[in-house]
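See below for the structure under consideration.
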Amino acid sequence: MSPTFWKGYSNRERHAEISNISSIISQFGDIVDFKLFSDVSISITMEVSAQNAGALLEALQDCIQIVEVTPLPAASAREIIIYLNLTFSVATGNLKIEVPQVPG
């Protein structure tokens with residue numbers, strides 16, 4: 001089976017949106033992996049039952065704008081992998097993470 005790809009945009013603050021999306025995903029499946037690209041975007045790999053994929057898509061569309069969706073597989077109990085690429089429109093492209101100084 002070919003992988004399922006979704007592409008979306010968010011106008012909200014990145015930390016709040018990631019928290020919101022992760023709680024939605026946990027209702028329908030699991031986050032397998034994620035990669036942050038500065039503060040501009042995040043790529044999330046999800047494992048979801050094929051029968052829950054449509055409901056997950058609808059739930060995500062309530063909080064983010066999803067612009068590209070590959071066709072969903074037929075509903076079954078089989079697990080599928082979904083790749084979500086989410087871009088944050090309020091990003092600066094200059095992510096700075098303060099690292100505290102640790103003695104030693």
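For this chain, numbers begin at 1 and follow the sequence in order. Keep in mind that the numbers below use all heavy atoms, side chains included, and drop hydrogens, waters and symmetry copies.
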Would you mind listing every ring pair (Phe, Tyr, Trp, His ring centres under 6.0 Å) that reaches into residues 44-82, with sequence neighbours excluded?
->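 Non-adjacent pairs meeting ring pair (Phe, Tyr, Trp, His ring centres under 6.0 Å): zero.
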From OG (Ser43) to CG (Leu36), nearest 0.5 Å |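 Atom-to-atom, Ser43:OG and Leu36:CG are 10.0 Å apart.
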Is there a path of hydrophobic side-chain contacts, each under 4.5 Å between heavy atoms, that joins [X] and [Y]?
X     : Y     : value
Leu86 : Val69 : yes
Ile21 : Val40 : no
Phe34 : Ile80 : yes

Please set out all donor-acceptor pairs under 3.5 angstrom arising from side-chain atoms of residues 44-57, sequence neighbours excluded.
residue: Ser49; atom: OG; partner: Gln51; partner atom: N; Å: 3.4
residue: Ser49; atom: OG; partner: Ser76; partner atom: O; Å: 3.4

Who pairs with Asp62 by side-chain hydrogen bond (donor to acceptor under 3.5 Å, both in side chains), at least two apart in sequence or on another chain?
-> none
Short question: side chain of Ser10, backbone of Arg12 - any donor-acceptor pair under 3.5 Å?
->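 Yes, because the side chain of Ser10 sits within donor-acceptor range (under 3.5 Å) of the backbone of Arg12.
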So, the side chain of Ser19 versus the backbone of Ala16: is there a donor-acceptor pair under 3.5 Å, distance only?
->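 Checking the backbone N and O of Ala16 against the side chain of Ser19, no donor-acceptor pair under 3.5 Å is found.
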Can you name the side-chain contact (heavy atoms from CB on, under 4.5 Å) partners of [X], sequence neighbours left out?
X     : result
Ala59 : Ile24, Phe28
Thr70 : Thr4, Phe5
Ser41 : Phe37, Asn85, Thr87

Intermediate values then yes/no, side-chain contact (heavy atoms from CB on, under 4.5 Å), Ile64 and Asn20 | CA-CA 10 Å; Ile64 61 174; Asn20 188 27; over 6 Å; no
Within a strict 4.5 Å, meaning less than it, do heavy atoms of the Ile81 and Pro3 side chains meet?
-> no
Evaluate the side-chain contact (heavy atoms from CB on, under 4.5 Å) criterion for residues Ile42 and Phe88: first the C-alpha distance (whole Å), next the side-chain angles of each, then the deciding distance (0.1 Å), finally the verdict.
-> CA-CA 8 Å; Ile42 186 170; Phe88 302 99; 4.0 Å; yes
Check Leu84 against Gly8 and note the closest heavy-atom contact, atom names and distance.
-> CD1-N, 4.4 Å
Could you go step by step and tell me if Ser22 and Ile31 meet the side-chain contact (heavy atoms from CB on, under 4.5 Å) rule?
-> CA-CA 8 Å; Ser22 104; Ile31 295 176; 3.8 Å; yes
